[in-house]
Amino acid sequence: MHIPDFELERYFARWEFSAPYLLCASDVEGWRMADLLALASPEDSARWEALTLGYTETPGLPLLREAIAGMYPGLTPDDVLTFAGAQEALFVTMNVLLGPGTHAVVTWPGYQSLYEVARATGADVTLLRLREEEGWALDLGALEAALRPDTRVVVVNFPHNPTGSLPDRATFQALCALCEARGIHLFSDEVYRLLEYDAGDTLPPAASCFPKGASLGVMSKAFGLAGLRVGWLACRDADLLARCRAFKDYTSLCNSAPSELLALIALKAREQVLARSRGLLTRNLALLDAFFARHPDTFRWVRPRAGSVAFPRLSRNIPVARFTEALIAREGVLLLPGDVYAFEGNHFRLGLGRANLPEALMRLERFVNSGVLDTPA
């Protein structure tokens, strides 16, 4: 396999653990171990104390798969396969579905592995552009026009990274109907699902919509547990899951036993866990609304509808990469330039989910008000 460097991850490798303020992080503030264990039932506390550090079952801890299946109407634990993070699930599924002589359509801008792994299998990939002037909306007409006889999978990510866009229910159901009619798998990256700002906007999971709908989930984003490295694929296509399970024998083979049990504890208390995440996003979003209202000549703000990221645009006459480099040097605040998505337009990714956002935003505003952006590029 030949695959390009993952530009976003290379960028984070340089800054993530040295920058004091990650104002571009895609996850929600991580839980402390003690606080998570405090949510455990007596039965799960006993399981934790008795846990042995041996191999686990390849499909995942049965109780964990049962808890995951409970979030997908119409699915059973047999319709769930766990992985070491969402990245592994994506990698395995693309390698199972695609190869030379096949075709995929993938929304863009987006997480690089959503399309580069597909390309690395030898498949032809069409990037379906989301447009700022259209509110980053999914264009079903353009998607249908991109489909070909050899199309095997459509890859979407909603709530969307990096824009925070979210189609309405009718559009999403039309997407599912289109894929079902063509016999195409819909690989739906739903790692930000359940972080909708209005609960009424929550879309049904693709896995519940039709048999070839596959939902990607993870503990990292909505649940604030990125360190567990627990992800999953939910799908009613038994053949696809069986092939993914066989492929997994060549990757992680099985998950970490402590991580699976901690994920189970969190999912059993998911309403409490999600309430923490949503409360943090609500508070931070209000601060960002006010910030962008104060700086209409410097930034364009297409307000996200869901998730923990947004994709504003720098409107001043300075390249966004130069802006982000100066900001980290002067204020210790890290933003992610749109260049890492190979997406033009002077955009940058902004993270909404960290507890220190108020201080990071204060530093960003001080930087903007310092006059440094008045210097011609």
Side-chain angles (χ1 to χ4, degrees), residues 1-4 79 81 86-131 134 136-161 163 165-191 193 203-217 233-244 246-247 341-343:
M1 171 178 284
H2 299 282
I3 193 166
D79 299 318
L81 180 61
Q87 183 79 283
E88 185 193 22
L90 165 65
F91 182 86
V92 169
T93 308
M94 292 301 106
N95 274 277
V96 165
L97 286 176
L98 296 170
T102 64
H103 173 244
V105 179
V106 185
T107 51
W108 181 75
Y111 196 58
Q112 188 175 339
S113 59
L114 290 173
Y115 50 90
E116 289 295 5
V117 173
R119 284 174 176 159
T121 70
D124 190 18
V125 174
T126 298
L127 297 179
L128 183 71
R129 185 185 180 110
L130 307 182
R131 301 182 182 279
E134 298 171 0
W136 305 114
L138 176 66
D139 185 339
L140 275 181
L143 190 153
E144 185 170 12
L147 298 179
R148 306 184 334 202
D150 58 349
T151 303
R152 295 292 177 269
V153 62
V154 170
V155 180
V156 298
N157 164 218
F158 297 112
H160 185 247
N161 173 9
T163 69
S165 70
L166 184 69
D168 59 33
R169 183 178 292 257
T171 299
F172 188 75
Q173 290 179 328
L175 168 65
C176 291
L178 174 62
C179 290
E180 185 172 24
R182 300 289 188 95
I184 296 169
H185 280 92
L186 175 63
F187 183 87
S188 181
D189 177 350
E190 298 168 1
V191 299
R193 188 172 180 270
L203 298 174
S208 297
C209 291
F210 70 111
K212 287 194 174 183
S215 294
L216 178 70
L233 186 71
C235 184
R236 288 179 288 157
D237 184 338
D239 177 67
L240 173 62
L241 285 184
R243 292 163 64 198
C244 287
F247 197 103
Y341 295 98
F343 191 81

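All values below come from the heavy atoms of this structure, side chains included, with hydrogens, waters and symmetry mates left out.
- In this structure the side chain of Glu144 reaches within 4.5 angstrom of the side chain of Leu178, judged on heavy atoms.
- Taking both residues in full, the closest heavy atoms of Glu180 and Pro211 are given as OE2-CD, 4.0 Å, listed atom of the first, atom of the second, then distance.
- Taking every heavy atom of both residues into account, Arg169 and Pro204 meet most closely at NH1-CD, 3.6 Å.
- Note that SG of Cys176 is 14.0 Å distant from NZ of Lys212, once rounded to the nearest 0.5 Å.
- Of the possible donor and acceptor atoms, one in the side chain of Thr163 sits under 3.5 Å from a partner among the backbone N and O of Ser165.
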Pair Phe158, Leu138 - check side chain to side chain contact (heavy atoms under 4.5 Å, CB included), show working. CA-CA 10 Å; Phe158 297 112; Leu138 176 66; 4.0 Å; yes
Determine, step by step, whether Phe91 and Ser113 satisfy the side chain to side chain contact (heavy atoms under 4.5 Å, CB included) criterion, reporting the C-alpha distance in whole Å, the side-chain angles of both residues, the deciding distance to 0.1 Å, and the verdict. CA-CA 8 Å; Phe91 182 86; Ser113 59; over 6 Å; no
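- Here the closest non-hydrogen pair linking Thr151 and Ala146 is OG1-O, 4.5 Å.
- A donor-acceptor distance shorter than 3.5 angstrom exists from the side chain of Trp108 to the backbone of Tyr341, with no hydrogens or angles considered.
- Checked by atom type and distance alone, the side chain of Arg152 never pairs as donor or acceptor with a backbone atom of His103 at under 3.5 Å.
- Of the inter-residue distances, the one linking Ile184 atom CD1 with Cys179 atom SG reads 5.5 Å to the nearest 0.5 angstrom.
- Scanning both residues, Pro109 and Trp136, for their nearest heavy atoms gives CD-CZ3, 4.4 Å.
- To the nearest 0.5 Å, atom CG of residue Leu216 and atom OG1 of residue Thr93 are 7.5 Å apart.
- With respect to Val105, the side chain to side chain contact (heavy atoms under 4.5 Å, CB included) criterion is satisfied by exactly one of Val125, Leu147, Val153, Val156: Leu147.
- Rounding to the nearest 0.5 angstrom, the gap separating the CZ atom in Arg131 from the CG atom in Leu128 is 9.0 Å.
- Between Asp124 and Arg148, at least one side-chain N (NZ, or NE/NH1/NH2) sits under 4.0 Å from a carboxylate O, which counts as a salt bridge.
- If you take CZ on Arg243 and CG on Leu97, they are separated by 6.5 Å, rounding to the nearest 0.5 Å.
- Between the side chain of Ser215 and the main chain of Ser188, no donor-acceptor pair closer than 3.5 Å is present.
- For the pair Phe172/Leu166, no side-chain contact is recorded, criterion being any heavy-atom separation below 4.5 Å from C-beta on.
- Side chain of Glu190 to backbone of Ala206: a donor-acceptor contact under 3.5 angstrom is found.
- In this structure the side chain of Leu175 never reaches within 4.5 angstrom of the side chain of Pro167, judged on heavy atoms.
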The test is side chain to side chain contact (heavy atoms under 4.5 Å, CB included); show your working for Tyr111 and Gln87 and say whether it passes. CA-CA 10 Å; Tyr111 196 58; Gln87 183 79 283; 3.5 Å; yes
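- Although no hydrogens or angles enter the test, the distance criterion places a donor-acceptor pair under 3.5 Å between the side chain of Arg236 and the main chain of Ala207.
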Begin with the C-alpha distance, continue with both residues' side-chain angles, and end with the deciding distance and a verdict on side chain to side chain contact (heavy atoms under 4.5 Å, CB included) for Val155 and Leu114. CA-CA 7 Å; Val155 180; Leu114 290 173; 3.9 Å; yes
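- Just one residue in the list Leu240, Val106, Asn157, Leu90 forms a side chain to side chain contact (heavy atoms under 4.5 Å, CB included) with Phe187, and that residue is Leu90.
- Leu140 places a side-chain heavy atom less than 4.5 Å from the side chain of Thr171.
- The shortest non-hydrogen separation linking Phe343 to Leu130 is CZ-O, 4.1 Å.
- Side-chain atoms of Thr121 do not come within 3.5 Å of backbone N or O of Asn95 as any donor-acceptor pair.
- Taking the side chain as every heavy atom from C-beta outward, Leu241 and Asp237 never approach each other to under 4.5 Å.
- Distance check: Thr107 OG1 to Leu143 CG gives 9.0 Å after rounding to the nearest 0.5 Å.
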